[in-house]
Amino acid sequence: MEIESFLVYLKNVKRYSPLTLKAYEEDLNQFSEFCEKVELIHEWTEVTSGMVRRFEVGLMSGKLEFFKGDVVYRPKAMSPKSVRRKLSSLRTFFRYQMREGLLQDDPTEVVVAPKIGKRLPVFVPNYKMDELLDEKESGKEDFSIFRDLMLLMVAYYTGMRRSELVSLKLDALDMGAGIVRITGKGDKQRIVPLLEDLQEEIRDYLKEREKRIKGEGHAFFFITDAGEPANEKYIYRHIKKCLGEVTSLVRRSPHILRHSFATALLNNGACIEAIRELLGHSSLAATQVYTHNSFESLKRVYNEAHPRA
């Protein structure tokens, strides 16, 4: 019951996305099962910091067992980053319990999260993106290729997240003003300009899109070949396939295009605060990770140009 009410709070008050809610639910149910099956307790008031630590260690070692119906499964050893995320879910839940007066102490307060090394954002260089977009442009008589071109262009030109690409609707586009209104995490809205060449492609795409929508249709911008709204898996699969044509990167998700968008802007002189606004980051710290890539580019130019390098 406590988990259900907490998830309702996250949905209605914090305005978390369905994917985030699902992750919280899985994390809390796993910890609840661990408490019942391993620690042999059934009340949240009985949870101690030691139990949270043992849960944390169990996740990292891959020695915990869970149930899916009657089937026992043992998840693989998790990375420090994944364990930190699960620990963050527990912290948020126990703090909520304290605010509601259901707990006196937070058992996660003294638990130290595992350290993780900083992983730099992976991106596709400008010339590779130009190569890919030119190739798709030449074959856009085929609607499937044209739709893939639009996926690449919208993601690369606006820095949208995958969930934002999925939820993008026609009324979010203001072609007269040359902008798109993006609804991001927590239903926060931001406005991103549309370059002229993207606007031209969008106008052509909308004409072809209209031919494939059946009946009264729907308002979603990205569609499948059959005219249905494109879901997250569909968009992920198509962008991954396209990126695989120009890069050997292991990770080829839509988020790589978001990284490429931010890195390209920074390398071409955009200020970090403007990039933060365009990406929809609530904190500047989340955007500053891109400055390392920019510095690497600057260092390369320095080493090539300085007479004593």
Side-chain angles (χ1 to χ4, degrees), residues 1-119 161 163 183-188 255 276 279-289:
M1 182 62 71
E2 290 88 350
I3 293 178
E4 291 179 8
S5 62
F6 172 65
L7 294 174
V8 170
Y9 161 76
L10 293 183
K11 179 181 179 181
N12 296 334
V13 178
K14 303 296 285 185
R15 311 290 291 177
Y16 283 1
S17 70
L19 282 177
T20 303
L21 291 173
K22 184 177 180 181
Y24 268 87
E25 183 177 17
E26 179 181 317
D27 295 343
L28 293 172
N29 284 336
Q30 274 192 345
F31 183 67
S32 177
E33 184 177 339
F34 168 80
C35 289
E36 292 179 4
K37 302 289 176 58
V38 179
E39 301 293 343
L40 305 178
I41 63 169
H42 298 82
E43 300 293 337
W44 293 114
T45 53
E46 299 177 274
V47 177
T48 66
S49 58
M51 295 174 186
V52 178
R53 286 195 190 95
R54 287 190 286 275
F55 179 68
E56 179 184 15
V57 171
L59 291 173
M60 295 188 69
S61 66
K63 294 181 179 179
L64 293 183
E65 292 184 344
F66 298 99
F67 286 83
K68 282 187 177 179
D70 296 329
V71 179
V72 178
Y73 74 100
R74 177 181 288 179
K76 294 180 181 178
M78 293 185 178
S79 67
K81 183 177 181 180
S82 296
V83 174
R84 284 179 71 96
R85 185 189 62 75
K86 286 183 179 291
L87 185 58
S88 175
S89 297
L90 296 181
R91 288 192 200 281
T92 307
F93 173 69
F94 283 115
R95 287 170 183 169
Y96 167 80
Q97 293 277 72
M98 290 180 66
R99 284 199 303 271
E100 294 295 306
L102 301 174
L103 288 178
Q104 296 296 318
D105 300 300
D106 176 6
T108 67
E109 188 173 8
V110 297
V111 177
V112 179
K115 293 182 178 181
I116 57 175
K118 288 186 177 180
R119 186 171 65 181
R161 302 176 177 94
S163 59
T183 302
K185 292 182 176 180
D187 285 342
K188 293 179 182 178
H255 219 70
R276 184 190 73 81
L279 289 173
H281 285 160
S282 57
S283 167
L284 190 62
T287 316
Q288 285 175 331
V289 66

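Note that this is a predicted model, so its numbers are computed, not measured.
- Side chains of Glu56 and Lys86 form no contact here, defined as non-hydrogen atoms less than 4.5 Å apart.
- With sequence neighbours excluded, the residues satisfying salt bridge (Lys or Arg N to Asp or Glu O under 4.0 Å) with Arg54 are Glu39.
- The minimum heavy-atom distance linking Pro107 with Thr48 is given by the pair CB-C, 3.8 Å.
- With values rounded to the nearest 0.5 angstrom, Phe94 atom CZ is found 6.5 Å from Leu103 atom CG.
- Side-chain contact check for Lys14 versus Tyr96: every heavy-atom pair is 4.5 Å or farther apart.
- Between Phe93 and Phe6, the ring planes are perpendicular. Angles over 60° get that label, and only those under 30° would be called parallel.
- Listed here is the closest heavy atom pair of Ala77 and Ser61: CB-C, 3.8 Å.
- What you find for Leu102 and Thr45 is that their closest heavy atoms are O-CG2, 3.9 Å.
- Without hydrogens or angle criteria, Thr92 side chain to Ser88 main chain gives a donor-acceptor distance under 3.5 Å.
- Once rounded to the nearest 0.5 Å, the distance linking OG of Ser82 with NZ of Lys76 reads 12.5 Å.
- Side-chain atoms of Thr108 do not come within 3.5 Å of backbone N or O of Val111 as any donor-acceptor pair.
- Across all non-hydrogen atoms, the minimal contact from Pro114 to Pro80 is CG-O, 3.7 Å.
- Taking OG from Ser163 and NZ from Lys185, the interatomic distance works out to 7.5 Å, rounded to the nearest 0.5 Å.
- Other residues, nucleotides and ligands place no more than 12 heavy atoms under 6.0 Å from the CG atom of Asp105.
- Atoms CZ and CG, on Phe55 and Leu87 in that order, are 9.0 Å from each other to the nearest 0.5 Å.
- The distance from the CE atom of Met51 to the CG atom of Leu40 is 9.0 Å, given to the nearest 0.5 Å.
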Stepwise, does the side chain to side chain contact (heavy atoms under 4.5 Å, CB included) test hold for Val47 with Ile41? CA-CA 8 Å; Val47 177; Ile41 63 169; 3.8 Å; yes
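- Heavy atoms only, all atoms of each residue included: His281 and Arg276 are closest at O-NH1, 2.7 Å.
- Side-chain contact check for Arg53 versus Val110: some heavy-atom pair is nearer than 4.5 Å.
- Under the 3.5 Å distance criterion, the side-chain polar atoms of Arg161 are left unmatched by any main-chain donor or acceptor of His255.
- In this structure, CZ on Arg91 lies 8.5 Å from CZ on Arg84, to the nearest 0.5 angstrom.
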Hey, mind stepping through Ser5 and Glu100 against side chain to side chain contact (heavy atoms under 4.5 Å, CB included) and telling me if it holds? CA-CA 11 Å; Ser5 62; Glu100 294 295 306; over 6 Å; no
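- Using a 30° and 60° split on the angle between ring planes, Tyr16 and Tyr24 fall in the tilted class, from 30° to 60°.
- Taking every heavy atom of both residues into account, Trp44 and Ser32 meet most closely at CH2-CB, 4.0 Å.
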